[in-house]
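Accompanying notes for the structure given below.
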Protein chains: 2
Amino acid sequence: MQPENSELYRFLAQNGVGHGSSYGFSSSSYDFQIMQSFSNSCISETTPQDRALAALKNHKEAERRRRERINSHLNRLRSLLPCNSKTDKASLLAKVVQRLRELKQQAVEVTEVENLPSETDEIRVLSCDYSSDGTSIFKASLCCEDRSDLFPELIQVLNSLHLKTLRAEMATFGGRIRNVLVVAADKDHGIESVHLLQNALKSLLERSDSIDRPKRRRAYDHNVMVP
Amino acid sequence: MQPENSELYRFLAQNGVGHGSSYGFSSSSYDFQIMQSFSNSCISETTPQDRALAALKNHKEAERRRRERINSHLNRLRSLLPCNSKTDKASLLAKVVQRLRELKQQAVEVTEVENLPSETDEIRVLSCDYSSDGTSIFKASLCCEDRSDLFPELIQVLNSLHLKTLRAEMATFGGRIRNVLVVAADKDHGIESVHLLQNALKSLLERSDSIDRPKRRRAYDHNVMVP
DNA sequence: CTTAACACGTGAAGC
DNA sequence: TGCTTCACGTGTTAA
């Protein structure tokens, strides 16, 4: 049963224009029928009640349009997030809040990664984006002594982890080298890919240390960033 | 007047428990009063009407909690976006949709910008992020013949536009150079800063062309990306 | 039978 | 005044 409980509607019901038992009526034609009956039962053409009833109808339809507008935006949000169509409004909005916070943090971190080689060895792996199709994008930055065989080994490491290289940067300065890699992980990778990549790069640098390099201060374990 | 229009409430009103004219009552104490009066007017302790009335009260409070949950998330979204607290729900959600689409597009574009110099001259300026405090971040990429005085001139251009350089990359290959710059604009800059930067870089490259370089195919106007 | 989620109509308040 | 937005209570439906 539709609410239809305003004073005006109750007055009409008392004057013979009852709901009856026809539940299948469309809302607009039903309202039209009400207004017609009301006009016929009065003498003057546009009574205050007439205008109030019209206003009530306008109000009702405006409110319906407002609801449709809000819900259409909510559905658009649903399509923009990795979630099915049956997540309820509150959970959907919670996911939107979380996603916006992630992206805002990423925007800061992406610009924070230094491009010049630093004095200390370091490895940074930060998760950069979770697309709605499940693939995730990492940005890895590593800094160490310059050596010619590093880049091929890096490629080998990425291939062994089934990571696709989207972009690679390299910068050398004062005998040091920094590599910045943007890699994409398949959807079957989880958040643990970050740590896998982190450990692979760490062993790569340790290997080069033990072979032909003097020991150097490292900062591996202080630069893991997993947002 | 609060709705309170269910069949149960109307039944109660007919049996002497009217609303009266006390509009300032709190909802919960009012409901409690109703239930007490109803129990007193009946003989048995827990009638079906009793349970129905309790269910109605539970339903009402559950609905209120649901509204609070949704609205709290909407307020969180309000604080995450550059908008005041008086934007209505529909407009707020529209902004959220727009912002999420921007960020999703950015994630693609950031990884799309090539790092190696290309054969054709080109300038790309893409708006990268709008923080909630009003500052915006641009990513500018320019590719041309390698020349030593380009970088100081670039810095000068950025200073003249009151843009703060967050990060700069440079790569040379085969006599060509590519510079990628991440710059931040103050909050008094608008979206037009993108075009200002675009034009400044364009004139910078044209100047170098006219001085000491042969004409070369350009692609300035095909690589402006303003999302 | 409860519980949760939704759409609806309605009164109130701001402009 | 009318128009818009909001919160509320309610009926309904699905798990």
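The chains referred to below are lettered A, B, ... by the order of the sequence lines, with proteins before strands, and numbering in each begins at 1. Both backbone and side-chain heavy atoms feed into the values below; hydrogens, waters and symmetry mates do not.
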Looking at A:Arg67, does any N or O in its side chain come under 4.0 Å of the phosphate oxygens OP1/OP2 on C:dG9? yes
Taken to the nearest 0.5 Å, the spacing of B:Asp121 CG from B:Cys143 SG works out to 6.5 Å
For nucleotides 2-5 of chain C, list the nitrogen or oxygen atoms of the protein found under 3.5 Å from its nitrogen or oxygen atoms, one pair per line.
unit_1, atom_1, unit_2, atom_2, d
C:dA5, OP2, B:Arg69, NH2, 3.3

Rounded to the nearest angstrom, tell me the gap between atom CG in B:Asn71 and atom C1' in D:dA7. 8 Å
Rounded to the nearest 0.5 Å, what separates atom NZ in B:Lys202 from atom CG in B:Leu142? 13.5 Å
Rounded to the nearest 0.5 Å, how far apart are CZ of A:Arg69 and NE2 of A:His73? 8.5 Å
If you compare every side-chain N and O of A:Arg64 against the phosphate oxygens of C:dG9 (OP1, OP2), does one of them come in below 4.0 Å? no
Rounded to whole Å, please give me the gap between NZ in B:Lys86 and C1' in D:dT5. 8 Å
Pair A:Arg66 + A:Glu68, salt bridge at N-O below 4.0 Å: no
Rounded to whole Å, the CZ-P distance (B:Arg78 to D:dT5) equals 13 Å
Tell me the interatomic distance from A:Leu53, atom CG, to C:dG11, atom C1', rounded to whole angstroms. 16 Å
Provide, to the nearest angstrom, the distance between the CG atom belonging to A:Leu74 and the C1' atom belonging to C:dA7. 13 Å
Nearest whole Å is fine: how far is D:dA7 P from B:Glu61 CD? 18 Å
What residue among A:Leu103, A:Val96, A:Leu100 forms side-chain contact (heavy atoms from CB on, under 4.5 Å) with B:Leu80? A:Leu100
Would you please say whether a donor-acceptor pair under 3.5 Å links the side chains of A:Ser72 and A:Asn75? no
What is the distance from CG of A:Leu56 to C1' of D:dC3, rounded to the nearest Å? 14 Å
Take atom NZ of A:Lys57 and atom P of D:dC3, then tell me their distance rounded to the nearest Å. 13 Å
